[in-house]
Each structure stands twice: as C-alpha cells, then as structure tokens.
There are 2 protein chains.
Amino acid sequence: MSSIHSHSKKNQSLTKNQRIVLDLLQNSGEPLKAYFILDSLKKEGLNSPLQVYRALDKLVELGKIHKIESINSFIICNNSNCASNTAFTICERCGKVKEIKNKYLKDSVSDLVKDNQLEITRYNLEFYVLCKSCKIN
Amino acid sequence: MSSIHSHSKKNQSLTKNQRIVLDLLQNSGEPLKAYFILDSLKKEGLNSPLQVYRALDKLVELGKIHKIESINSFIICNNSNCASNTAFTICERCGKVKEIKNKYLKDSVSDLVKDNQLEITRYNLEFYVLCKSCKIN
DNA sequence: ACCTCTAATGTTATACTATTACATATGTAA
DNA sequence: TTACATATGTAATAGTATAACATTAGAGGT
C-alpha cells in the first residue's frame with residue numbers, strides 16, 4: 001500500500017525520526033507522552049529524549065500533531081489543516097481525548113476575537129467533559 | 001497603610017502557607033512558576049517544592065488562583081467566581097497574560113456545549129495573541 | 001560535480017516540573 | 001476528651017524538557 005509521493009518544495013518529506021514518531025501517534029490515535037514514545041521507539045533507534053522532542057516539535061510546527069498542554073501529551077491531528085490551533089475534549093473520568101472540529105467552534109472563536117479586539121495568532125482550548133460512555137456508567 | 005487586621009474576610013480560613021503563596025500571587029498580578037514562588041518565599045519559611053505545590057493545589061481548588069497549563073504557571077484569579085474555568089490571552093511576544101472575563105465568552109462556550117451535546121465540567125482556554133503594546137512596536 | 005547553507009542527528013549532561021512516602025502536627029466536631 | 005480530617009515538614013524520587021556541542025545529511029546554486 002505504499003505510494004510514491006510527489007513533494008513540492010514546501011511539502012518536504014519527513015525525516016526518519018519524524019516519520020516513526022508520526023507513525024506511532026497515527027497508529028495509536030490517542031495522546032502519548034514523550035517518554036512513552038521514547039520507550040516505544042527504542043527498537044527503531046531512538047535513544048534520547050531530545051530526539052523525541054525534536055521530532056515532536058517539528059510535527060507540531062507542521063500541524064501534523066498537537067500538544068495537549070494539560071496532560072503533557074501529543075496526539076495526531078484529526079483535521080486537515082488546523083495549524084497550531086487546537087481544541088479538545090478530555091474526559092475527566094477515563095481520560096479519553098477527542099479533537100473538536102466543527103464550523104461552530106471556528107465561529108465562536110472568531111466572534112470572540114472580534115468582541116475583544118484581540119489579534120489571536122493561535123489557541124489551545126481544553127474542555128473537560130464526561131464522555132458518553134462514562135456518562136452512562 | 002499596614003495593619004494587623006488587614007486580612008480580608010474571604011481569606012481568613014487559609015493556612016499560613018496558603019496565605020503567603022496567595023499574597024505573593026496577588027501582589028505580583030502576573031503568572032509565577034512554582035519554583036520561583038519557592039525561592040521567593042524561602043525567607044517566609046517555605047523550604048520544599050511540595051509545600052508550594054500543596055498550597056497551589058488548594059488555592060486552585062478554591063478558585064482563588066488559576067494554573068496556565070501551557071506555561072506551567074499560576075496566576076491570581078481576576079474574576080470573582082470562575083471556579084475551575086479559565087480563559088487567558090498570552091502574548092506571544094512579551095508573554096503577558098490576561099484573564100478573559102466577559103459574558104460573551106460564557107455565551108460562546110455555552111452555545112458550543114449545546115451544539116456538541118457535551119457535558120463540560122470545566123475548561124481551560126489559552127489564546128495566544130499579540131498584545132496591544134507589542135502590536136504597536 | 002563541487003560548494004555552501006540549513007536542518008536534522010547523536011550524545012551527554014543538566015534544568016525544570018511535580019509527586020510519593022512517611023512521620024508529625026493542627027484544627028474541628030461529636 | 002477522642003476521633004477524624006486536613007495541613008505540615010522533610011527527604012527522596014519521578015516525570016518533563018532543554019542546553020551545549022560535535023557531526024551528518026539534504027537541497028540549491030554555480
């Protein structure tokens with residue numbers, strides 16, 4: 001299932017470290033911590049925290065992953081191009097994290113920006129919730 | 001202007017450690033880091049990180065201060081009763097932090113909640129901005 | 001090809017942030 | 001008073017992240 005990618009100048013391919021970190025986050029789908037990533041990828045050749053953090057930094061910069069500040073974890077981006085803007089729900093009971101992506105949030109934020117005359121460059125929104133399955137049980 | 005009876009009623013129930021940490025944050029008005037607080041209050045008898053973190057935890061729980069997750073810092077609460085909900089702007093250039101407090105934000109969040117059928121227990125919103133003075137220069 | 005510049009790598013050491021564990025003390029209510 | 005919850009003090013340790021330095025790999029221009 002591998003395909004040949006055509007890379008433009010701006011869309012350069014990932015390096016080995018960046019790729020294996022991204023792959024791990026992609027396959028996991030849930031937020032992972034830097035040192036967990038390090039442990040998981042020891043066999044792939046990652047030896048030091050810095051290698052992980054550098055890959056994570058780059059991937060965040062590229063908008064491919066997000067950092068969830070309140071739990072010091074990183075998660076694959078589920079939107080196509082949210083850049084550095086992030087909005088998550090985090091279940092207070094089970095810790096499950098979901099990325100919020102809807103037009104309504106965008107509108108709310110834009111309105112908020114206008115209302116406060118803010119020049120918002122990016123945002124990080126963390127909503128603590130009781131998720132559906134935890135609400136039932 | 002100093003008086004032995006100068007403690008306001010709402011802070012009476014705090015313990016000594018909680019009080020000196022709160023006072024420092026109140027007088028500072030800007031976000032402070034735990035170990036900075038520790039250093040600042042060595043002369044008041046604070047000796048270990050744990051003493052600081054315990055005081056901070058309690059003050060957060062009481063809604064008197066907030067933690068700003070993305071900078072691992074704590075700031076005095078500027079609202080009267082926002083409990084565990086926090087919304088801040090953080091200047092990307094100078095690092096200045098301001099707490100957002102207006103009805104509009106509340107409305108935006110409530111609408112968002114309805115729209116997503118979320119049961120939000122609390123939230124932490126961090127908006128990175130270019131503040132007014134940094135915008136000028 | 002060569003040169004050059006930038007970005008990424010590898011490694012060690014260290015800084016920064018936060019909690020565990022345990023013993024002791026203090027405040028509050030029955 | 002007794003009992004219980006909460007707060008304290010202290011030491012050790014866990015968890016998160018970056019500094020500094022030497023080296024290597026890649027992309028672009030000539």
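A note on names: the letters A, B, ... follow the listed sequences, proteins ahead of strands, and every chain is numbered from 1.
When all heavy atoms are compared, the tightest approach of B/K33 to B/N72 is CG-O, 3.6 Å. Here the closest heavy-atom approach between residue A/L24 and residue A/S40 is recorded as CD2-CB, 3.8 Å.
In this model, the phosphate group of C/dG10 is approached by a side-chain N or O of A/Q51 to a distance below 4.0 Å at OP1 or OP2. Applying the 4.0 Å criterion to OP1 and OP2 of D/dT10, one finds that B/N47 has a side-chain N or O inside that range. A sub-4.0 Å separation between OP1 or OP2 of C/dA8 and a side-chain N or O of A/Q18 is present.
The closest side-chain donor-acceptor pair between B/T89 and B/Y128, if any, does not fall under 3.5 angstrom.
One can place CZ of A/R19 at 18 Å from C1' of C/dT9, the figure rounded to the nearest angstrom. Rounded to an integer number of Å, the gap from A/N17 CG to D/dG26 P is 12 Å. C/dG10 atom C1' lies 16 Å from atom CG of A/L41, rounded to whole Å. Between A/K58 atom NZ and C/dA8 atom C1' there is a gap of 9 Å when expressed in whole angstrom units.
Under a 4.0 Å N-O distance rule, the pair A/E44/A/K16 does not qualify as a salt bridge. A salt bridge is defined here as a Lys NZ or Arg NE, NH1 or NH2 lying under 4.0 Å from an Asp or Glu carboxylate O, and B/K42 with B/D39 meets this definition.
When heavy atoms are screened at a 4.0 angstrom cut-off, A/S48 is found touching base atoms of the nucleic acid.
Taking B/S133 as the reference, B/C131 meet the side-chain contact (heavy atoms from CB on, under 4.5 Å) condition, with sequence neighbours excluded.
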Stepwise side-chain hydrogen bond (donor to acceptor under 3.5 Å, both in side chains) check, B/N124 with B/T86: CA-CA 5 Å; B/N124 170 54; B/T86 57; 2.9 Å; yes
Per-nucleotide protein contact string for nucleotides 24-30 of chain C, where B marks a base within reach and S marks sugar-phosphate only (heavy atoms under 4.0 Å, - for neither): -------
Annotated protein contacts, base or backbone, on nucleotides 15-22 of chain C with a non-hydrogen cut-off under 4.0 Å, one of B, S, - each: --BBBBB-
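One hydrophobic cluster holds both B/V52 and B/L62 under the rule that ILVMFWY side chains link at heavy-atom gaps under 4.5 Å.
With A/F74 as the fixed residue, the side chain to side chain contact (heavy atoms under 4.5 Å, CB included) test singles out one of A/I68, A/L32, A/V60: A/V60.
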